[in-house]
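Below you'll find the structure, written out as C-alpha cells, and then a few comments.
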Amino acid sequence: MSTNPSSALVADATPTPLKDARAQLAEAVKILGYDDGMCDMLATPRREVTVSVPLRRDDGSVELLVGHRVQHNMSRGPSKGGLRYSPTVDLDEVRALAMWMTWKCALVDIPYGGAKGGIAFDPRQYSRAEIQRVTRRYTSELMPILGPTTDIPAPDIGTDSQVMAWMMDTYSVNKGFTIPGVVTGKPTQLGGSLGRASATSRGVVLVALAALRHRGLELERTTAAVQGFGKVGRDAALFLWRAGVKVAAISDQYGSIQNSFGIDVPALERHVDESGSVVGFSGADDLPHRDDLLVADVDLLVPAAVEGVIHAGNAESVRASIVVEGANGPTTPEADRILEDAGCLVVPDILANAGGVIVSYFEWVQANQAYWWSELDVEARLKERMDHAWERVLSTAKSRDVSLRQAATVLAIETVATAHLARGLYP
C-alpha cells in the first residue's frame, strides 16, 4: 500500500482536523489539475519538531510534557502560526493547523508560510510561574528553528500576550540582544501592535457583515449565535452587538445561554469577569446542553471555539442560513456538503479568521521598522485586506461555480503552488 500523502488524503471516514485539511486540499488540487508530485508537496510539512519539556512544579516534583512545532510551507516567506496550550494537542492537530495557516496567509496576500505549535497540557491546572517555565523551556528547545526571518509564533488557545513576552525574552537573551520581531501578539509595551488582541474577532465580524449584506439581510433584523466566549468569540459577539445585530445565543466551555430578544453583551462580559462563565447570566436563559447553541434558530452562526463542532451528526439540524467560521476547522467536510445542500452560506476559516494573522503581519512590519502605527491605521488596513479577500473569494466562487470554501482554498493553493514553481527545486 502506498505511503505517499496523496494516496491518503481522503482515506478513513473518522473525521479529524488533519483528514479534513487533506480532504479540502485534495478537492482543490483536483479543481486546479495539479499532479501527484505537487499534491504531495502541498500535503507534507516542510519541517516537524517534537520536543520534551521537563517542568519543575511548584512543589518540587518534575513532570514531563511534550511539545510540537510544525512548519508546513515556506515558499512565500518565513513560517507563521500560533502556539496552543491544550490537553488535546497532538502532532496531527498541529499539522492540520499549520496547513490551514499556509492557505490563510496566501489567501490574504501575507508573505508568510504556515506553522503551528503546541504543548499537550491544560494551563488552567498550572500556576503562572509553572506556565512561564514551560514556555521558556519550550522556546529554548526550539531556538534553532525560530526567528523573525524563519518562524514567528503568536498566541492561540491557552496562550496570551504574556506567554509571547516570555518567548521573546528567552529568545532575545540567548541571542544577546532584544528581538521583538521573533513573536507577535506581544504586550504593546514590548512592541506589540495596537489592535492585535481583537484583530481576529474584528476580521470575523467584517466578513460576517459582508455576508449578511450579500444575502440581503438587514443588520437590525438579524439574529446571531456565537459559540465560544474566549479570544475570538467574546469580541466577535461585542462587535456584532455594536453593529446592531441581535446576539441571541452565546456559549463557552461550561454551557450555553439564550435570549430571543437579544443578549446585552457588555453586561455579559461583566458577568463572565466576575463568575468565569456565561452560565447563570441573569439576562438570558441557560440552555439544557452546551451544543444546543449550534442548532439555535438564528440567521448567523459563528463557531469560534475548536475544530469539528459541526459534523455529519448535527449539520442537518443547523438552522442558521450563514455560518462564519471564527475557529479553525469547525466544520467537517461531510457537514460542509450537508450545509451547502441546504442552501447555507459557509464562510471558511481561512478567510473569516484571517484578521489575526493580518495584524500579526502588521506587528512584525512595525517591529522591523521600529515605527508604530495608530490603532485607527491598523483597523483601516485590516478592513481593506479583509474586504479585498472577501470580494476575491466571492468572485471566484461565482466564476468557478463552487462554494466559498472551495474558492478560498483554490485561490490560496494556487498562490502557494505558483510561488513554489517560480522558485524551482534545489538542488
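If you read the sequence from its start, that first residue is 1, and numbering goes on from there. Small disclaimer: the values here were computed from a predicted structure and weren't measured.
- Applying the ring-ring contact (aromatic ring centres under 6.0 Å, His included) test to every pair with at least one member in residues 68-98, sequence neighbours left out, gives these pairs: His72-Trp103, Tyr85-Phe121.
- Counted by atom type alone, Asn314 and Asp291 present zero donor-acceptor pairs between their side chains at under 3.5 Å.
- A 4.5 Å side-chain heavy-atom check between Thr409 and Leu25 finds every atom pair outside the cut-off.
- No donor-acceptor pair closer than 3.5 Å links the side chain of Gln369 to the backbone N or O of Gln366.
- Between the side chain of Asp292 and the backbone N or O of His289 there is at least one donor-acceptor pair closer than 3.5 Å.
- For Arg46 (side chain) and Met74 (main-chain N/O), no donor-acceptor pair under 3.5 Å exists by modelled atom type.
- Proximity of Ser360 to Ile358: side-chain heavy atoms (C-beta onward) are nowhere separated by under 4.5 Å.
- Salt bridge annotation for Asp336-Arg405: present, with a cationic side-chain nitrogen under 4.0 angstrom from a carboxylate oxygen.
- A heavy-atom distance below 4.5 Å is found between the side chains of Met143 and Lys175.
- Shown here is Gln253, whose CD atom has more than 12 heavy atoms of other residues, nucleotides or ligands within 6.0 Å.
- Within the 4.5 Å cutoff, the side chain of Leu91 has heavy atoms near those of the Glu48 side chain.
- Ion pairing between a basic and an acidic side chain is recognised when a charged N comes within 4.0 Å of a carboxylate O; Arg128 and Asp160 show such pairing.
- The OH atom of Tyr171 sits 11.5 Å away from atom CG of Leu142, with the distance rounded to the nearest 0.5 Å.
- Listed for the Asn328 side chain is no donor-acceptor partner under 3.5 Å among the backbone atoms of Leu97.
- Not one N or O on the side chain of Gln162 forms a donor-acceptor pair closer than 3.5 Å with the backbone of Lys186.
- The CH2 atom of Trp100 sits 8.5 Å away from atom CG of Leu18, with the distance rounded to the nearest 0.5 Å.
- Counting heavy atoms from C-beta on, the side chains of Ile31 and Arg400 come closer than 4.5 Å.
- With a 4.5 Å cut-off on side-chain heavy atoms, Pro155 and Arg196 count as touching.
- Counted by atom type alone, Ser251 and Gln227 present zero donor-acceptor pairs between their side chains at under 3.5 Å.
- Annotation: side chain to side chain donor-acceptor pair (under 3.5 Å) contacts involving residues 207-216, sequence neighbours excluded, are absent.
- Look at Asp169 and Arg136 and you find a salt bridge, because one of the NZ, NE, NH1 or NH2 atoms lies within 4.0 Å of a carboxylate O, short of that distance.
- Between the side chains of Thr139 and Thr170, not a single donor N or O lies within less than 3.5 Å of an accepting N or O.
- Checking Ser277 against Asp252 by side-chain atom types alone, a donor-acceptor pair falls below 3.5 Å.
- Using modelled atom types and a 3.5 Å distance limit, the side chains of Thr223 and Asp299 yield a donor-acceptor pair.
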Go through the steps to decide whether Met38 and Asp35 satisfy the test side-chain contact (heavy atoms from CB on, under 4.5 Å), and finish with yes or no. CA-CA 6 Å; Met38 178 63 76; Asp35 60 23; 3.5 Å; yes

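- The pair Lys19-Asp92 fails the salt-bridge criterion, with no side-chain N (NZ, NE, NH1 or NH2) lying under 4.0 Å from an Asp/Glu carboxylate O.
- A donor-acceptor contact shorter than 3.5 Å is absent between the side chain of Asp20 and the backbone of Thr332.
- In this structure a side-chain-to-backbone donor-acceptor pair under 3.5 Å is present from Ser399 to Thr396.
- Ion pairing of Glu130 with Arg56 is absent here, as no side-chain N (NZ or NE/NH1/NH2) approaches a carboxylate O to less than 4.0 Å.
- Between Tyr361 and Tyr112, the ring planes lie perpendicular to each other; the angle is over 60°, past the 30° to 60° tilted range.
- When side chains are defined from C-beta on, Val226 counts as touching Leu240, because their heavy atoms get closer than 4.5 Å.
- Atom CD of Glu384 has 12 or fewer heavy atoms from other residues, nucleotides or ligands within 6.0 Å.
- No donor-acceptor distance shorter than 3.5 angstrom exists from the side chain of Lys104 to the backbone of Val357, with no hydrogens or angles considered.
- No salt bridge links Arg202 with Asp235; every basic N to acidic carboxylate O contact stays at or beyond 4.0 Å.
- For the atom pair CD (Glu363) and CG (Asn368), the distance works out to 10.5 Å, reported to the nearest 0.5 Å.
- Side-chain contact annotation: Ser79 with Lys116, donor-acceptor N/O pair under 3.5 Å absent.
- For the 3.5 Å distance criterion, the side chains of Ser374 and Asp377 qualify, holding a donor opposite an acceptor.
- The residues Arg137 and Glu141 are annotated as salt-bridged, a charged nitrogen and a carboxylate oxygen being separated by less than 4.0 angstrom.
- We find that Glu307 and Arg84 are joined by a salt bridge, their nearest charged nitrogen and carboxylate oxygen being less than 4.0 Å apart.
- Counting heavy atoms from C-beta outward, Tyr126 and Val134 have side chains that stay 4.5 Å or more apart.
- Contact check on Asp109 versus Arg76 returns a salt bridge, with a Lys/Arg side-chain nitrogen under 4.0 Å from an Asp/Glu carboxylate oxygen.
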